[in-house]
S.K.: 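If you scroll down you'll find the structure; I have some questions about it.
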Amino acid sequence: MKTFNDLIEEVQKPGLCHRCGGCVTFCTAVNFGALELDSEGNPRYADEDKCIECGLCHTICPEIDELVEETQKRLAWQPPIGRVLETSIARSTDAGIRQKATDGGVVTALLIHLFKNGRIDGAIVTKQTGPFRREPFLALSQKDILDAAGFFFDTSHGMKRFSDYYSTFSQIRDI
Ligand code: SF4
Ligand code: SF4
């Protein structure tokens, strides 16, 4: 089974890591302190001894194509961009959303619509926390969703802090 050590060799050392934070966010042992992001958002071992060698970080890294074939098959992917059901051009009818958004505010409008109608309890979005820095957070109100509107030329990384609430650990049992 490949581990984060293989990501270091195959992705980080060749300079392919784009600091998405996926490996840390989904690490099975992140809430036991196996992986962490450094201050620049680069993933690294916090405590290698806590790694249970499950291989999940390697499998889900977008620079690893292990799941590409199966994913494309399951989603009936077609070139050049996948299976397109329909395309349209839209913008929010809410002037307040359009003013805050970069373009038409469609994503913000859709999230607020779903929230107002009880279809979602919240949404994971990002907010600016400093110059060239954004952080993911769980928006639990319309204001939270609106605060996250707009595009900025910066990056956000994984949601490691949510690891207090969830785990990707799956117990394998003989049936
Ligand atoms: S999952 Fe993202 S952060 Fe982790 S090694 Fe791959 S590209 Fe880098
Ligand atoms: S516990 Fe699994 S996901 Fe976490 S570092 Fe080890 S191999 Fe990767």
Side-chain angles (χ1 to χ4, degrees), residues 1-84 102-103 107-108 110-111 120 122-139 144-145 147-175:
M1 186 68 75
K2 293 203 169 186
T3 71
F4 187 73
N5 274 320
D6 296 283
L7 275 186
I8 293 172
E9 294 301 320
E10 297 171 27
V11 176
Q12 286 192 290
K13 285 188 179 174
L16 298 173
C17 175
H18 45 82
R19 303 181 301 153
C20 71
C23 51
V24 178
T25 300
F26 289 95
C27 169
T28 307
V30 70
N31 35 2
F32 298 110
L35 295 184
E36 66 180 6
L37 294 169
D38 70 14
S39 59
E40 299 300 314
N42 297 299
R44 65 185 180 191
Y45 275 121
D47 184 350
E48 190 172 347
D49 289 341
K50 298 283 172 44
C51 169
I52 62 169
E53 301 185 359
C54 69
L56 187 57
C57 56
H58 186 272
T59 299
I60 63 149
C61 172
E63 293 299 330
I64 301 292
D65 61 7
E66 190 180 320
L67 295 177
V68 170
E69 194 176 335
E70 186 183 341
T71 304
Q72 289 184 346
K73 196 173 161 192
R74 282 177 182 249
L75 297 177
W77 190 91
Q78 297 164 354
I81 60 170
R83 190 164 53 120
V84 178
T102 301
D103 294 315
V107 173
T108 304
L110 286 172
L111 289 177
I120 57 173
I124 295 171
V125 290
T126 63
K127 64 182 171 187
Q128 197 162 21
T129 54
F132 304 108
R133 181 171 288 272
R134 292 181 76 74
E135 277 188 15
F137 76 108
L138 182 59
D144 281 351
I145 296 171
D147 283 348
F151 177 80
F152 298 86
F153 289 99
D154 47 21
T155 57
S156 68
H157 307 290
M159 301 173 295
K160 182 182 174 299
R161 64 199 181 92
F162 288 154
S163 64
D164 291 343
Y165 307 105
Y166 76 89
S167 168
T168 53
F169 174 73
S170 296
Q171 190 176 20
I172 298 173
R173 292 192 300 179
D174 293 327
I175 300 175

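All ligand and atom numbering here is 1-based and tracks the order in the structure.
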S.K.: Is any side-chain N of the basic residue among Glu66 and Lys2 closer than 4.0 Å to the acidic one's carboxylate O?
M.R.: no
S.K.: Answer with yes or no whether the side chains of Glu48 and Asn5 bring together a donor and an acceptor at under 3.5 Å.
M.R.: yes
S.K.: With heavy atoms under 4.0 Å as the rule, classify the contact between Leu35 and ligand 2 as side chain, backbone, both or neither.
M.R.: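 For Leu35, the contact with ligand 2 is made by the side chain alone.
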S.K.: Within a strict 4.5 Å, meaning less than it, do heavy atoms of the Pro62 and His18 side chains meet?
M.R.: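 Yes; the side chains approach each other to less than 4.5 Å.
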S.K.: For atom 7 (S) of ligand 2, what's the nearest protein heavy-atom neighbour? Residue, atom name and distance, please.
M.R.: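 Going by distance alone, atom 7 (S) of ligand 2 is nearest to Gly55 N, 3.3 Å.
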S.K.: Stepwise, does the side chain to side chain contact (heavy atoms under 4.5 Å, CB included) test hold for Arg44 with Asp38?
M.R.: CA-CA 7 Å; Arg44 65 185 180 191; Asp38 70 14; 3.4 Å; yes
S.K.: If every non-hydrogen atom of Ala148 is compared with every non-hydrogen atom of Thr126, which pair is closest and at what distance?
M.R.: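 Smallest heavy-atom distance, with atoms named: CB-O, 3.1 Å.
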S.K.: Should Phe137 and Ile124 count as side-chain neighbours, where that means a heavy-atom distance under 4.5 Å?
M.R.: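 Side-chain contact under 4.5 Å: no.
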S.K.: How does Ala34 reach ligand 2, by side chain, by backbone, by both or by neither, if only non-hydrogen atoms under 4.0 Å count?
M.R.: neither
S.K.: Think Lys50 forms a cation-pi with Phe32, using NZ or CZ under 6.0 Å from the six-ring centre and within 45 degrees of its axis?
M.R.: no
S.K.: Answer yes or no: does atom CG of Leu75 have more than 12 heavy-atom neighbours from other residues, nucleotides or ligands under 6.0 Å?
M.R.: yes
S.K.: For the residue pair Thr59 and Leu67, establish whether any side-chain heavy-atom pair is separated by less than 4.5 Å.
M.R.: yes
S.K.: Heavy atoms, side chains only, cut-off 4.5 Å: are Tyr45 and Thr3 in contact?
M.R.: yes
S.K.: May I ask you to identify the nearest protein heavy atom to atom 4 (Fe) of ligand 2, giving residue, atom name and distance to one decimal place in Å?
M.R.: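 Answer, as residue, atom name and distance: Cys27 SG, 2.3 Å.
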S.K.: Pick out which of Glu53, His58, Gln12, Glu9 makes a side chain to side chain contact (heavy atoms under 4.5 Å, CB included) with Phe4.
M.R.: Gln12
S.K.: Quick check on contacts: which atoms of ligand 2 are under 4.0 angstrom from a heavy atom of Thr28?
M.R.: 3 (S), 4 (Fe)
S.K.: Nearest heavy atom to atom 1 (S) of ligand 2: which of Asn5, Asp6, Ile52 does it belong to?
M.R.: Ile52
S.K.: Just to be sure I read this right, does ligand 2 sit under 4.0 Å from the backbone of Glu53, its side chain, both, or neither, counting only heavy atoms?
M.R.: backbone
S.K.: Using a 4.0 Å cut-off to any heavy atom of Cys51, which atoms of ligand 2 qualify?
M.R.: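 What qualifies from ligand 2 is 1 (S), 5 (S), 6 (Fe), 7 (S).
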S.K.: Tell me: protein heavy atom nearest atom 2 (Fe) of ligand 2, and distance?
M.R.: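 That would be Cys54 SG, 2.3 Å.
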S.K.: What atoms of ligand 1 come closer than 4.0 angstrom to any heavy atom of Gly21?
M.R.: 2 (Fe), 3 (S)
S.K.: Mind listing the protein N/O/S atoms less than 2.8 Å away from atom 6 (Fe) of ligand 1? Waters don't count.
M.R.: Cys61 SG
